[in-house]
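Here the structure comes first, spelled out in structure tokens, and everything after it is commentary.
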Amino acid sequence: MTGYYPGCTLHTTGKEYDLSVRAVFSALNIELNEVPDWTCCGATSAHGDNEVLSYALPLRNLVQAEKAGINRVVVPCAACYNTLCQADAAIAEDSGAGRKAADIVAETDGEYGRGVEVVHPLSVLSSDDVLIEIEKRADKRLSELKVVTYYGCLLARPAQRVAFEDSIWPQSMDTILTAMGAQVMKWSYRTDCCGGSLGISRPDLVTPLAGKLQSAADDADADMIITACPLCQSNLESKRAADYEGRWLPTMYFTELIGIALDVPRWRRWLSQHIVSPRSVLRAVGIR
Amino acid sequence: MSSSADLSIGEIIRLCLLGARDEVLAAKGIWMCTGCRTCQDRCPNEIDGCRVKDALCALTKETGRLPAEQKISRFHAAFLGTVKYLGRAHELSLMGWYKLRTKTYLDQLPLGLKMFFRGKLPLFPSTTKGRRSVAKIMKRVRERS
């Protein structure tokens, strides 16, 4: 059974990501069963606090998934995906901290039998069968849209524990977007950090990083940045320095574009969730 | 982040090797790290820079030192605080807690309002009974550290 772990952010600041993932998977007839009683994965804050905690919090969710009969869990948020993969790896490697985390979670929720595969929607949607289906059904309305693909950090690093493709030159998003007819422009910043969770405490550190990425996307002649992480999306969209000169491109999730191409019900709702509206860019290429 | 930080990860590791405890635990660089995991992924000597930096942050707090980047440290504490009580992160509680502790009431208010009116900052937290497990997990991790 395929499970779904939205994580905290997809219920709040990443709402359009949650809506678009669910809509796209539904349109492709891949059933998603939300992990019962899921809780926070710990994100960046847990691993900066305590290593055992950084494994225990996500591990609890793997135990919940396993108990529900889930053998593969789809995790859209890159931070959640990273922590769940790392917790699974820590148990497999039988590391000291991993063992301590497993013991604690065994007391509160149960033993983990390593029966859950953690996957990102990018790897599911770029897999051969699904890609053929998407290509067949996408109506090529994206053909005039010029985008750059931004993967961010946590989907790919540390490669050994987490990456489902090349961590320096990932291609899954490019493959999906190209199959749908969009123009994917070349650029070299696909895995450069956006500033992550520093957006609230030190926005002054995030604005130069977001600015650098925006400027590079502009130089690549793109009209939009496409991402797969809610924190990246938020930083790229809203962390514009007051003195930034140049175009500030809208940032959308890759699943939103798939939803548009498949013309899923109510995709226009997602657009009003954005802080920087993608409407004018979409309208300019004929998508209303 | 190394261009903005006082110390790069390479310098942090070198200071650890030299035993410069006071200097490294007073560094801003260990807090400014975004956790991008580039050092962890690429070090040719297979040093896990992320785990070193995480351990240094934990050590700073354990030894009662003041984190060099208070706002960053308080943000993470606020995040974990909402997780402890609700089982899930709740932005508004987190922001409230963080702003009270750092007195940054008006910071990024326009953005916050934009997000609020788009339904991105729900008033009421999404919670679940698993929050009791989360609280227990956090307590036991503390006790056994």
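Model, not experiment: these values are computed from the prediction. Throughout, protein chains are lettered first and strands after them, A, B, ... in sequence-line order, and every chain is numbered starting at 1.
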Practice task
Check whether B:Ile72 gets within reach of chain A through its side chain, its backbone, both or neither, counting any heavy atom under 4.5 Å.
Solution key: both
Completion exercise
Closest non-hydrogen atoms of A:Thr44 and B:Thr34, given as atom of the first, atom of the second and distance, are CG2-O, 3.8 Å
Practice task
State the SG-NZ distance between A:Cys40 and B:Lys84, to the nearest 0.5 angstrom.
Solution key: 14.5 Å
Fill in the blank from the handout: Heaviest contributor of heavy-atom pairs below 4.5 Å to chain A, chosen from B:Arg42, B:Lys129, B:Glu62, is B:Lys129
Exercise for the section: Decide yes or no on side-chain contact (heavy atoms from CB on, under 4.5 Å) for A:Thr12 and B:Lys120, but give the supporting numbers first. Expected result: CA-CA 5 Å; A:Thr12 59; B:Lys120 290 191 159 196; 5.7 Å; no
Handout entry: Check: B:Lys114 and A:Ser238 side chains under 4.5 Å, non-hydrogen atoms
Key = no
Practice task
Quick one: which of A:Leu209, A:Thr191, A:Asp109 has the most heavy-atom pairs under 4.5 Å with chain B, could you say?
Solution key: A:Asp109
Problem - Close side-chain approach of A:Ser197 to B:Phe79, heavy-atom, < 4.5 Å - result: no
Handout entry: Residue, of B:Lys136, B:Arg140, B:Arg132, B:Arg131, that accumulates the most heavy atom pairs under 4.5 Å with chain A
Key = B:Arg140
Practice task
Measure A:Gln273 against the heavy atoms of chain B and call it side chain, backbone, both or neither at under 4.5 Å.
Solution key: both
Completion exercise
Among B:Leu56, B:Asp41, B:Leu111, B:Asp48, the residue with the most heavy-atom pairs under 4.5 Å to chain A is B:Asp41
Problem - Heavy-atom pairs under 4.5 Å with chain B, option from A:Val52, A:Val206, A:Leu205 with the top count - result: A:Leu205
Exercise for the section: Under the side-chain contact (heavy atoms from CB on, under 4.5 Å) rule, what do B:His90 and A:His11 come out as? Steps first, then yes or no, please. Expected result: CA-CA 10 Å; B:His90 178 234; A:His11 275 208; over 6 Å; no
Exercise for the section: Report yes if the side chains of B:Phe75 and A:Arg202 come closer than 4.5 Å at any heavy-atom pair, otherwise no. Expected result: no
Exercise for the section: Give the C-alpha distance, both sets of side-chain angles, the deciding distance and a yes or no for side-chain contact (heavy atoms from CB on, under 4.5 Å) between A:Leu53 and B:Met138. Expected result: CA-CA 7 Å; A:Leu53 186 67; B:Met138 291 176 94; 3.8 Å; yes
Exercise for the section: Tell me, for A:Ile275 versus chain B, whether the close heavy atoms (under 4.5 Å) come from the side chain, the backbone, both or neither. Expected result: both
Exercise for the section: Looking only at non-hydrogen atoms, find the nearest pair between A:Asn50 and B:Ser145 and report the distance. Expected result: ND2-OG, 3.0 Å
Fill in the blank from the handout: Shortest non-hydrogen pair, B:Leu80 vs A:Ser45, comes out as CD1-O, 3.7 Å
Completion exercise
Pair count under 4.5 Å, heavy atoms only, with chain B: among A:Pro158, A:Cys153, A:Cys193, highest is A:Pro158
Handout entry: For A:Gly48 against B:Lys61, the heavy-atom pair lying closest together
Key = O-NZ, 4.3 Å
Practice task
For chain A, find which of B:Lys71, B:Arg88, B:Gln40 contributes the most heavy-atom pairs closer than 4.5 angstrom.
Solution key: B:Arg88
Completion exercise
Between B:Gln108 and A:Ile200, the two heavy atoms sitting closest are NE2-O, 3.7 Å
Practice task
Among B:Arg51, B:Gln70, B:Arg74, single out the residue with the greatest number of heavy-atom pairs under 4.5 Å to chain A.
Solution key: B:Arg51
Completion exercise
So, the part of A:Gln64 with a heavy atom under 4.5 Å from chain B: the answer is neither
Practice task
For the residue pair A:Asp49 and B:His76, establish whether any side-chain heavy-atom pair is separated by less than 4.5 Å.
Solution key: no
Problem - Inter-residue atom distance A:Ser272.OG - B:Phe117.CZ, 0.5 Å rounding - result: 15.5 Å
Problem - Atom group of B:Ser133 that falls short of 4.5 Å from chain A, counting heavy atoms - result: both
Exercise for the section: With a 4.5 Å cut-off on heavy-atom pairs, point out which of B:Ala89, B:Gly35, B:Ser73 contacts chain A the most. Expected result: B:Ala89
Practice task
Compute whether any side-chain donor of one residue and acceptor of the other, for A:Arg157 and B:Thr38, lie under 3.5 angstrom apart.
Solution key: yes
Exercise for the section: Identify which part of A:Ser54 has an atom lying under 4.5 Å from any heavy atom of chain B, answering side chain, backbone, both or neither. Expected result: neither
Handout entry: Residue pairs involving residues 19-66 of chain B (criterion ring-ring contact (aromatic ring centres under 6.0 Å, His included); sequence neighbours excluded)
Key = none
Practice task
Starting at OG of B:Ser126, measure out to CG of A:Leu10 and round the result to the nearest 0.5 Å.
Solution key: 11.5 Å
Handout entry: NZ/NE/NH1/NH2 to OD/OE distance under 4.0 Å, B:Arg144 and A:Asp103
Key = no
Exercise for the section: Examine distances only and state if a side-chain atom of A:Arg60 and a backbone atom of B:Ile137 form a donor-acceptor pair shorter than 3.5 Å. Expected result: no
Problem - Interface residues of residues 93-103 of chain B facing chain A - heavy atom cut-off under 4.5 Å - result: B:Met95, B:Tyr98
Practice task
Please report the C-alpha distance between A:Asn82 and B:Arg37 in whole Å, then the side-chain angles of each, then the deciding distance to 0.1 Å, and finally whether the side-chain contact (heavy atoms from CB on, under 4.5 Å) criterion is met.
Solution key: CA-CA 11 Å; A:Asn82 193 287; B:Arg37 301 177 179 281; 3.6 Å; yes
